[in-house]
Student: 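Shown below is the structure under consideration.
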Amino acid sequence: MKKSVESGQLLVGNPRQIVTGIRLAEILDLKPGDLVMLMAQTLQGSLNLIELEFAGTKKAESSTNATHMSAHCVEMPLAAAQKLLNMPDRVSQLVVRLENPRNAPGLSGQIQKALNENGGPLFRVRDYASIIPGFGVNTLFRYIGLLVGAVFFLVIGAGIANVMYMSVMERRKEIGTMKAIGMEQREIRRLFLMEGGFLAIGGILIGLFSFLFILATNLLDGLPISFAFSETEPDQVLLSIDCGVLWASRIITFLACLAAACFPSAYSARLKPVDILREE
Amino acid sequence: MKKRLMIVIPLILFAFQATSVDLTGREIVAIVDDALDKTGGLSETEMRVYRDGKLRKTYRMVMKSCSPDRILAEFLYPPRNKGQKFLKVNDSLWLYYPNTGKTLRISAKASFSGSDFSNADILSVRLDKDYEVQRTDMEYWDGEAVYKLDLRAKSEGATYSRILYWVREKDRMPLEREFYSLSGLLLKTLVMTKETDLFEKMPDTYIMINVLEKNKKSVLQYLSYRESQALPPDTLRQNSLSKRR
């Protein structure tokens, strides 16, 4: 647990302590030992306010909503939370956070079984998809994202293929000369494949640096990006970066470039030097 | 004749004093609630929101009602909020957005359009319904006798758990309220003053001071008031918010 503490200390037996995310501590300018007033609505609907001592900050977790958690979540002893919500000796819900939320439907059954094995109170485990009716829209957006990605891939692939094809066509004379002085088909094919590979690496590097620049600019401006539809119902757009998606896009772009270079390189390698050199 | 007058006048004075002293806390709150209750009339108010000591936002709204249980507040200014309506029907509160045509149910405890007032502070006019009242000691503010009343929520669903309320004895003019949370910590202070001659004996300016955050306050001031403008019963309903009236 201590590994998850960024500064200060974790909650150590003191029922009046609180730990926050780094971003929230920055916003509130908190230092260990400061008093924090925490206001909440109780289960019955009354406003309650308690005073707690700021113990330290929690390290950001490597999850998709880490920025949101860092800016909005606090941790406190159960007794303090029960006092704040006016629910002495009562726990109504246990929330389990999964590293991969997509595993929730499968894991909820296993968790329910494990919790109810030892007797005692009966637990009912539900995932967000069953609690929030509109939660399924996330899956829909994921599929839309994949579809848009596939269209982009096709467009980019076609663009690269076109560039490579044009590049071969414009250098027919050079190819003919190379073949005339004894260059083999395999070598000419490799030459054009390497050109496609370098083009891909160059494109990936330009894309990566542009992305890092945009990210750094946004971080300086303060993430997450938030806006309000109305004053009473603020909403937030959270920017999350999936390293898996980043690597996948790089590899796919590289492979697309090589695939696009394959046809022109094979075509160029098959050309006869006599025919090419006779062309006007 | 002079002797008789000398006996009668102290008797009358004693009777008046006895009446004022004998009022229970609940009776005092009911009297003040009656005086502050502007339902049945048409009032235009201005709300100013101050942050870090500077005026940040100004709102103007008109308030209409059928009864104390059915009150409507409609924004007239600024243009961004124009047409937004807050409706109270019994214990339920609704907010209507003209741009989207959507009506949302809102909490009585939530902030009224980003100000330091809660929705209930603006739309719930009577305290005697939700609070048990106890009268504590008399206090003296600038040499004037002031009732100090201790209001405790009848149920946990009330907006505040406890309210300390100061009312001037001589004219029953409410002066100040302190709002406390369930744990007993002070949340907000409401100072009521009379800045204009709009109402004869009642305050026309309400200053809500946020105790939890420095230099935050909101001021609600009555600009005009017309009596006997009550809307017909049951006119104000959630599904009639989109209609223009």
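So that the names make sense, note that chain A is the first sequence line, chain B the second, and so on, each numbered from 1.
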Student: Answer yes if the side chains of Glu156(B) and Thr42(A) hold a donor-acceptor pair under 3.5 Å, and no otherwise.
Tutor: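 Yes, because at least one side-chain N or O of Glu156(B) sits under 3.5 Å from a partner of the opposite role on Thr42(A).
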Student: What part of Ala110(B) gets closer than 4.5 Å to chain A, counting heavy atoms only: side chain, backbone, both or neither?
Tutor: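 No part of it gets close to chain A.
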Student: Count the heavy atoms of every other residue, nucleotide or ligand shown that sit under 6.0 Å from NZ of Lys83(A), and state whether that count exceeds 12.
Tutor: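 Open.
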Student: For Lys102(B), is the NZ atom crowded, meaning more than 12 foreign heavy atoms sit under 6.0 Å from it?
Tutor: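 Counting neighbours around NZ of Lys102(B), 12 or fewer heavy atoms of other residues, nucleotides or ligands fall under 6.0 Å, so no.
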Student: Can you name the closest pair of heavy atoms from Met39(A) and Leu212(B) and give their distance?
Tutor: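 Looking at all heavy atoms of both residues, the closest pair is SD-CD1, 4.0 Å.
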Student: Between Leu49(A) and Leu187(B), what is the shortest heavy-atom contact and its length?
Tutor: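 Minimum heavy-atom separation between Leu49(A) and Leu187(B): CD2-CD2, 3.8 Å.
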Student: Take a 6.0 Å sphere around CD of Glu139(B) and say whether it holds more than 12 heavy atoms from other residues, nucleotides or ligands.
Tutor: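 Correct, the count exceeds 12.
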Student: Which bit of Ser107(B) comes within less than 4.5 Å of chain A, counting heavy atoms only: side chain, backbone, both or neither?
Tutor: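 For Ser107(B), the side chain is the part near chain A, not the backbone.
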Student: Let me confirm one number: the OG-CD1 distance from Ser181(B) to Ile50(A), rounded to the nearest 0.5 Å.
Tutor: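 Taking OG in Ser181(B) and CD1 in Ile50(A), the distance rounds to 9.5 Å.
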Student: Could you report the tightest heavy-atom contact between Asn48(A) and Ser183(B), atom names first, then the distance?
Tutor: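 Minimum heavy-atom separation between Asn48(A) and Ser183(B): OD1-N, 2.8 Å.
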Student: Please say whether more than 12 non-hydrogen atoms of neighbouring residues, nucleotides or ligands are located less than 6.0 Å from NZ in Lys154(B).
Tutor: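 More than 12 within 6.0 Å, yes.
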Student: For residues Ser46(A) and Leu182(B), report the shortest heavy-atom separation together with the two atoms involved.
Tutor: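 Smallest interatomic distance, heavy atoms only, reads OG-CD1, 4.1 Å.
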Student: Checking Lys109(B) side chain against Leu47(A) main chain: does a donor-acceptor pair fall under 3.5 Å?
Tutor: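 The answer is no, because no donor-acceptor pair under 3.5 Å joins these two groups.
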Student: Answer yes or no: are there more than 12 heavy-atom neighbours, outside Asp91(B) itself, under 6.0 Å from its atom CG?
Tutor: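 Incorrect, the count does not exceed 12.
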